[in-house]
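Here is the naming used below: chain letters follow the sequence lines, and residue numbers restart at 1 for every chain.
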Number of protein chains: 2
Amino acid sequence: MENSISSSEERILDAAKKVFHCKGYDGARMQEIADEAGVNKSLVHYYYRNKDNLFQAVFEDAFSKLITKLNEIFFSELAFTTKIETFIGYYVSFLSQNSYLPLFILNGLYEKPEQIRTMLAKNQLLPERLIDKIKKQIKDELNLEIDPFHVFINILALSVFPIVAKPLIENIFGYSDEQLNQFYEERKTVVPEFILNALKGYEKKHSY
Amino acid sequence: MENSISSSEERILDAAKKVFHCKGYDGARMQEIADEAGVNKSLVHYYYRNKDNLFQAVFEDAFSKLITKLNEIFFSELAFTTKIETFIGYYVSFLSQNSYLPLFILNGLYEKPEQIRTMLAKNQLLPERLIDKIKKQIKDELNLEIDPFHVFINILALSVFPIVAKPLIENIFGYSDEQLNQFYEERKTVVPEFILNALKGYEKKHSY
DNA sequence: ATTACTTTTAACCACCTGGTTAAACCGTAT
DNA sequence: ATACGGTTTAACCAGGTGGTTAAAAGTAAT
């Protein structure tokens, strides 16, 4: 019973993910989602009252998928350098296989920025703690004088941007799918190396 | 005469920029653009036959605005280290004052990636030359063994991502407008420092 | 078989969308 | 004055939009 009940509902959610991820909120059509799920359009409204509700379900799923793993890795007991390697390895892999996700999320955050904190609460996340953890590790393990927040954003930027800019890289430099995947594969080692090299530069005292 | 003719057309284009930048192609309404420009909707169709045309005009403007300056700086005769500082300083400034632009462009590239090369041609840009130039400078001036393409993407990532992720930073870390601007201001020095520190790590021989 | 319930559908609706058309407007040269 | 060119507008349209409704189909207990 539960299987057949949720089967339709799940198929609708899966269909909604496909369509919303690719076309965004405004570009998505309820009819297209219904077709993709192989059900009547009314059934979509039956399970998710309206477009907003359905979109939010899709968005929360995507957001928590990304943020949960991030949180998990950064709160683990790994050494900071290992942590960076682990994070980038995982994120570049996951994002390059779901390359539509980050842009989808960034767009959603622009449109409804107020709901971020609600979502953080739902996933029991406290960003301040995360920064504190990074700060402590940078100081205790590496003895660096650098703003941990900039480090965190840099790690994120170097991992996420190349995925978001996929069509740019693809077309400007005429990369094939294979070449692009190789490029992402390379980044799993290049980026951690790049970051750790950068951090070494802060071992001595610095002023800015 | 020319002033009054172009006045309407320009006001329409300006209005279209505002609306498309914020709401994207699908979210934008021709009526809203007309209202924003203070003209009848038919006049929008009179000057720009249809929505696609108008959007393309807006997109080309935004794209060339960003790519032209990038090209100019990277092809200048500055030393590579100065070049990085100049580029990041300019881009962070420009983008933080036009924070909707990069996401707008990235979305456009996802939707119509095939037109990138057309646009590059229009602006007389050859990406291969750009990478060659960077490659030569990295080798001649700094004697580094590192893939110049990754360096270029890293520079771009560290400059652009924090702008694209503005609502994330704003809301996750509860930054006010002032704090956010200060954060961007800091990045003008932090990011070049970070990159140059990273590059130093490649001065000796490396293998990967 | 009947009942009571959830799931699924076809038909429908009010509204909005991009786009068209034909007429009005306006400056200017004749 | 009027005829002519580009400019601007009101009115209109076909097709699509999210969403509703009421009836049908399925399911399980009695």
Side-chain angles (χ1 to χ4, degrees), chain A residues 1-62 104 107-108 110-112 114-115, chain B residues 1-62 104 107-108 110-112 114-115:
Chain A
M1 173 185 167
E2 285 214 350
N3 241 331
S4 62
I5 284 181
S6 58
S7 157
S8 273
E9 192 171 349
E10 275 178 17
R11 270 164 57 212
I12 289 172
L13 188 62
D14 285 344
K17 283 180 195 172
K18 269 194 198 170
V19 177
F20 277 131
H21 286 165
C22 295
K23 310 207 168 178
Y25 181 86
D26 292 315
R29 302 285 156 239
M30 295 299 270
Q31 185 61 60
E32 190 182 352
I33 292 171
D35 292 347
E36 179 75 34
V39 299
N40 189 284
K41 189 179 56 143
S42 299
L43 201 62
V44 181
H45 284 89
Y46 175 73
Y47 284 112
Y48 305 85
R49 273 204 342 265
N50 51 43
K51 195 180 182 183
D52 276 316
N53 263 319
L54 181 54
F55 180 81
Q56 189 155 337
V58 172
F59 184 76
E60 283 182 15
D61 177 89
F104 169 74
N107 278 318
Y110 257 91
E111 282 157 29
K112 302 181 179 182
E114 71 284 357
Q115 290 180 341
Chain B
M1 175 186 170
E2 285 216 351
N3 242 332
S4 60
I5 285 180
S6 58
S7 155
S8 273
E9 191 171 352
E10 274 178 17
R11 269 164 56 212
I12 290 172
L13 188 63
D14 285 343
K17 285 180 195 171
K18 270 193 198 172
V19 177
F20 277 131
H21 286 165
C22 295
K23 311 208 167 179
Y25 181 86
D26 292 315
R29 302 284 157 238
M30 296 298 269
Q31 186 61 59
E32 191 182 352
I33 293 171
D35 291 347
E36 179 75 34
V39 300
N40 188 285
K41 189 179 56 141
S42 300
L43 201 62
V44 181
H45 284 89
Y46 175 74
Y47 284 112
Y48 305 85
R49 274 204 341 265
N50 51 43
K51 197 182 182 182
D52 276 315
N53 263 320
L54 181 54
F55 180 81
Q56 189 155 335
V58 172
F59 184 76
E60 283 181 16
D61 177 88
F104 169 74
N107 278 317
Y110 257 90
E111 283 157 28
K112 302 182 179 180
E114 70 283 359
Q115 289 180 343

[X] has an atom [atom1]; how far is it from atom [atom2] of [N], in whole Å?
X      : N       : atom1 : atom2 : result
Y48(A) : dG19(D) : OH    : P     : 15 Å
D35(B) : dT9(D)  : CG    : P     : 11 Å
I12(A) : dT9(C)  : CD1   : C1'   : 12 Å
D52(A) : dG18(D) : CG    : P     : 11 Å
I33(A) : dG19(D) : CD1   : P     : 11 Å
Y46(B) : dA10(D) : OH    : C1'   : 17 Å
L43(B) : dA24(C) : CG    : P     : 18 Å
R11(A) : dT8(C)  : CZ    : C1'   : 12 Å

For [X], which residues count as a side-chain hydrogen bond (donor to acceptor under 3.5 Å, both in side chains) partner, sequence neighbours excluded?
X      : value
Y25(A) : D52(A)
D26(B) : none
Q56(A) : E60(A)

Subject >> Sequence-distant partners of N40(A), side-chain contact (heavy atoms from CB on, under 4.5 Å), two or more places apart >> reply: S42(A)

**OP:** Locate the shortest heavy-atom distance separating H45(A) from N50(A); write the atom from each residue and the value.
**Re:**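 Scanning both residues, the minimum pair turns out to be CD2-CA, 4.3 Å.
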
Subject >> Distance-minimising heavy-atom pair for L54(A) and I33(A) >> reply: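 Distance-wise, the nearest heavy atoms are CD2-CD1, 3.9 Å.
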
Original post:
Can you list, by residue number, the residues of residues 21-32 of chain A that have a non-hydrogen atom closer than 4.0 angstrom to DNA chain D?
Top reply: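 A28(A), R29(A), M30(A), in order of number.
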
Original post:
When you check the phosphate oxygens OP1 and OP2 of dT8(D), does a side-chain N or O of S8(B) lie under 4.0 Å from one of them?
Top reply: yes

Could you list, one pair per line, each protein nitrogen or oxygen that sits under 3.5 Å from a nitrogen or oxygen of nucleotides 20-23 of chain D, together with the distance?
from: dT20(D); atom 1: O4; to: S42(A); atom 2: OG; distance (Å): 3.1

**OP:** Taking ring-ring contact (aromatic ring centres under 6.0 Å, His included) as the test, write out the residues that go with H21(B), two or more places apart.
**Re:** Y100(B), F104(B)

Subject >> Among dG19(D), dT8(D), dT7(C), the one nearest K51(A) by side-chain distance >> reply: dG19(D)

Original post:
Out of dG18(C), dG19(D), dT8(C), which has the shortest distance to the side chain of N50(A)?
Top reply: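 Selected nucleotide: dG19(D).
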
Subject >> salt bridge (Lys or Arg N to Asp or Glu O under 4.0 Å) partners of residues 32-43 of chain B, not counting sequence neighbours, each pair once >> reply: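 Only K18(B)-E36(B), K23(B)-E32(B) qualify under salt bridge (Lys or Arg N to Asp or Glu O under 4.0 Å).
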
**OP:** Start with the C-alpha distance between Y48(B) and L13(B), add both sets of side-chain angles, then the distance that settles side-chain contact (heavy atoms from CB on, under 4.5 Å), and finish with yes or no.
**Re:** CA-CA 9 Å; Y48(B) 305 85; L13(B) 188 63; 3.5 Å; yes

